[in-house]
Amino acid sequence: MTKFLKISASILISFLTVFLIAFSTYAIITKNAVLDPKKLTGAGQNVTIYDDDGNEIISASLDAKNKSVSLKNLQPHTVNAFIASEDRTFYKHSGLNYKRMIKALFKNIAARSFKEGASTISQQLIKNTHLSNDKTIKRKLNEIKLTKKLEKKYTKDEILEMYLNTIYFGHNCYGLQSAAEFYFNKKAENLSLTESATIVGLLTSPNNYSPFKNPEKSLLRRNIVLKSMLSCGYIDNGEYSAAINEPLNAVKSTRESVCGDYVSAIFDEIDEIDFDYYALTDGCKIKTYLKADLQKFIESTEYKCDNSVIVTDNLTGGVNAYKSTIGGAKRQPGSTVKPLFVYAPAIEEKLINPYTKILDEKVDFNGYSPENYDKKYHGFISVAESLKNSYNVPAIKTLNALTLPKCEKYLTAMDIKLDDEEKNLSLALGGMKYGLTIQEIADKYSIFPNGGNYRPSHFIKEIVSKDGKTLYKNQTVANHVYSKGTCSLINDMLLQTTKSGTAKKLKDLNFDVAAKTGTCGNADGNTDAYAIGYTSQNCVAVWLGNADNSRSAITGGKDCCNVLKPLLREMYSDGKPYALDTTTDTVTVGIDQEEYNENNKFVIADNACPKLNILNIKVLKGCEPQEQSDRFTNPSILVPTISVKNNVVYIELCHAKYYSFIVKRGKNGIFETIYDGNWQETIIDNPSEGYYSYIVTPYYKNGHEVHFGKEIILPSVNLSGDGRSPQIKIPDIAYKDWYNQ
């Protein structure tokens with residue numbers, strides 16, 4: 001018994017020691033944790049935003065004081081949506097849900113990271129208003145201490161009300177009232193069941209579940225919240241079934257402010273970057289890349305319909321100007337992806353060059369039969385021509401030859417992740433599940449003037465606290481996608497698109513602009529139209545369409561280019577950008593033009609080739625044609641045909657554009673020249689009776705130098721007096737070797 005008591009005492013002392021150490025550690029770590037009632041209301045938060053030149057744009061208020069909601073005025077389903085999704089036992093626990101905390105602890109140990117937080121609404125309120133977003137033990141202990149103080153000082157309803165008035169919902173919406181106004185243009189007290197669930201669904205990831213940016217994801221998330229409400233008994237099966245079948249019905253309110261769309265995009269970016277939006281405390285400064293004059297220009301431009309315009313800087317990756325009536329919504333990119341998804345990867349893989357000919361014809365890939373926009377097929381056509389005129393069939397064929405896995409490799413390098421259903425040939429024409437934002441399209445195109453390096457653009461240059469501490473700095477690292485040679489060739493082809501292709505409305509600009517247009521739609525009209533133009537310094541993208549996806553007569557080549565052209569002129573009114581690179585890591589070689597035109601072959605022209613028959617093509621260095629032509633240094637023709645009619649000899653020469661011919665007639669072993677001159681279709685000879693032989697020799701004269709081909713001996717002919725003049729047929733016996741039989 002004494003031994004048992006000793007062991008028990010030792011265990012008890014050990015537990016007490018551990019407890020005292022833990023308690024002491026907790027007390028020391030949390031000694032400075034103080035509950036500040038002012039922070040719980042988010043009062044007095046203002047940040048100042050500056051343009052690229054350091055001038056103040058606007059002071060953006062984050063103060064929710066004048067837009068606070070009262071819990072008693074809210075609909076029960078609105079409150080219940082938050083409880084069901086965020087903290088089902090809110091009214092039962094004392095601030096901490098120990099069961100969830102223990103469960104989260106084991107999950108974090110297994111994952112060796114702080115993946116699970118198990119935070120109650122009370123804890124979230126403390127973290128958002130008093131602490132940083134750091135996932136450390138110290139922060140968690142301070143959170144626990146302050147949560148206990150919070151629960152002692154305030155009632156549950158007061159805590160929930162403060163939470164609803166300070167929580168962040170994305171798009172610079174702090175507090176439920178701001179969110180209700182922004183997403184549904186109404187007061188929080190008037191939110192419907194589905195609207196409440198949509199707003200609650202934002203809390204997990206405001207940027208990812210925005211109904212304006214990702215409506216499909218937002219709808220799925222809303223229905224998860226509704227499912228939680230059903231499982232908690234806040235709604236019945238009938239209400240749930242009716243609710244999940246309702247559309248989102250989000251209606252974006254118009255916020256009238258200086259550089260409104262740009263400022264809105266700034267706060268969207270805060271949602272995207274690794275930055276705690278609750279760290280935007282009073283006095284913070286947000287420095288941006290905005291060019292005020294350029295922003296004013298795009299805001300004063302008249303547009304026929306919904307629109308998005310963005311101007312990015314190739315060197316810094318900063319957004320200089322931005323306007324959008326659809327926010328950061330993703331749209332189908334259409335033919336704008338052809339250089340990015342098809343032709344650049346195929347060039348990089350050494351599958352094609354700009355002069356590679358592709359047969360534009362009616363095709364069927366297991367039921368998928370694409371057409372060109374002009375409803376015509378154009379036969380063999382070069383890659384450059386296909387891109388310049390945005391033909392669909394050659395792009396589809398190129399992607400098919402490239403293969404989707406190889407294409408996907410390059411898309412991954414430019415931060416595009418494909419769903420399985422997107423991995424098909426329609427990808428060549430922009431067939432995507434969610435599409436791309438106008439900013440994403442501009443960012444992808446900036447790869448070409450940047451020598452193959454991809455760097456996503458940013459609105460925010462730096463965020464600085466009131467005391468001058470840098471809270472965030474844009475230090476995005478570029479990712480290599482394409483070689484400089486591939487970019488040179490794409491630049492060259494898209495310059496031709498501006499001069500004589502679908503973007504020819506830009507042709508009279510007096511500086512280098514590479515461009516690509518695109519549309520999405522059908523015979524009833526287009527839903528989306530694009531024009532992307534880039535110079536050595538900037539990339540500019542324009543989208544026109546209708547937010548509701550209704551059809552219209554808008555086009556990229558006309559309507560979007562009419563927006564793009566004056567904008568580019570404005571941008572370079574004080575000086576031209578330097579020329580785009582079209583030569584780095586490329587080689588220009590002269591090929592035999594006739595071989596190319598007639599046989600679709602890349603054959604290097606021989607030294608004697610006439611200049612008119614040399615086609616200079618530009619290819620990647622190391623991908624020059626290997627076959628050398630000798631058809632001028634060693635002329636060669638098909639064997640001419642010879643016939644006799646009415647004692648007249650006719651020699652038919654095959655067509656040879658640059659060759660001359662010597663035709664000799666022989667009788668009794670003596671030959672004389674009967675013709676020496678340029679090609680003509682038929683050589684006529686009218687000799688007397690007898691047996692005759694003819695020899696045809698092609699030759700090419702290069703200045704003073706003459707290159708002769710092989711003599712071609714034609715079958716002998718017999719001219720008889722009776723006028724029958726049969727061609728002599730040599731017996732088979734003449735070809736036998738009698739000495740070896």
Side-chain angles (χ1 to χ4, degrees), residues 291 294-295 297-298 301 303 307-324 331 333-340 343-344 384 387-390 430 436-451 454 457 487-519 528-545 554-582:
K291 301 289 186 184
L294 200 55
Q295 182 70 23
F297 184 86
I298 65 171
T301 299
Y303 303 91
N307 53 83
S308 291
V309 182
I310 191 168
V311 180
T312 62
D313 184 288
N314 295 337
L315 181 63
T316 65
V319 178
N320 294 149
Y322 174 73
K323 180 186 183 301
S324 179
R331 305 286 295 202
S335 292
T336 63
V337 305
K338 288 174 182 173
L340 296 162
Y343 293 121
L387 180 56
K388 183 176 76 172
N389 295 299
S390 201
L436 299 170
T437 67
I438 195 69
Q439 184 179 0
E440 288 174 328
I441 292 175
D443 291 351
K444 301 341 176 200
Y445 267 88
S446 69
I447 293 172
F448 301 131
N450 281 335
Y454 167 68
S457 63
C487 293
S488 295
L489 296 178
I490 293 290
N491 289 343
D492 201 13
M493 288 193 286
L494 292 181
L495 283 170
Q496 296 305 314
T497 303
T498 302
K499 293 174 182 176
S500 57
T502 59
K504 61 186 176 184
K505 276 191 171 291
L506 309 176
K507 66 181 179 181
D508 57 345
L509 292 172
N510 62 348
F511 48 85
D512 272 4
V513 179
K516 181 72 184 77
T517 63
T519 55
D528 304 87
Y530 297 89
I532 293 87
Y534 63 87
T535 67
S536 55
Q537 295 174 204
N538 301 95
C539 186
V540 186
V542 175
W543 170 87
L544 296 177
I554 55 170
T555 65
K558 179 183 176 183
D559 300 294
C560 293
C561 281
N562 282 340
V563 174
L564 180 59
K565 186 175 181 178
L567 176 53
L568 287 166
R569 277 188 172 147
E570 174 68 17
M571 289 170 59
Y572 302 111
S573 57
D574 294 332
K576 300 178 186 179
Y578 55 86
L580 280 163
D581 179 17
T582 61

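Note that these values count all heavy atoms, side chains included, but never hydrogens, waters or copies made by symmetry.
- Just one of Asp581, Leu580, Asn491 meets the side chain to side chain contact (heavy atoms under 4.5 Å, CB included) condition when paired with Phe448; it is Asn491.
- In this structure, the side chains of Thr502 and Lys388 stay at 4.5 Å or more apart for every pair of heavy atoms.
- The distance from the CE atom of Met571 to the CZ atom of Phe297 is 10.5 Å, given to the nearest 0.5 Å.
- Looking at Thr582 and Leu495, their side chains come closer than 4.5 Å, going by heavy atoms from C-beta outward.
- With Tyr530 as the fixed residue, the side chain to side chain contact (heavy atoms under 4.5 Å, CB included) test singles out one of Val542, Ile441, Leu544: Ile441.
- Judged by distance alone, the side chains of Ser457 and Asp443 do bring a donor and an acceptor atom under 3.5 Å apart.
- Looking at Asn538 and Asp313, their side chains come closer than 4.5 Å, going by heavy atoms from C-beta outward.
- Counting heavy atoms from C-beta on, the side chains of Arg569 and Leu509 come closer than 4.5 Å.
- Rounded to the nearest 0.5 angstrom, Asn314 CG and Ile447 CD1 are separated by 11.5 Å.
- Taken to the nearest 0.5 Å, the CG atom of Asn320 stands 10.0 Å off from the CD1 atom of Ile298.
- Using bins of under 30°, 30° to 60° and over 60° for the plane-to-plane angle, the ring pair Phe511/Tyr572 lands in the perpendicular bin.
- Side-chain contact between Tyr578 and Thr535 is absent, with no heavy-atom pair separated by less than 4.5 Å.
- At a cut-off of 3.5 Å, with distance as the only test, no side-chain donor of Tyr343 or Lys338 sits close to an acceptor on the other residue.
- When side chains are defined from C-beta on, Lys516 counts as touching Ser335, because their heavy atoms get closer than 4.5 Å.
- Annotation: the span from Ser446 atom OG to Leu315 atom CG amounts to 11.5 Å, rounded to 0.5 Å.
- Side-chain contact check for Ile490 versus Cys487: every heavy-atom pair is 4.5 Å or farther apart.
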Carefully, step by step, assess Asp528 and Trp543 under the rule side chain to side chain donor-acceptor pair (under 3.5 Å). CA-CA 7 Å; Asp528 304 87; Trp543 170 87; 2.9 Å; yes

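- Counting only heavy atoms from C-beta outward, the side chains of Lys565 and Asp508 approach each other to under 4.5 Å.
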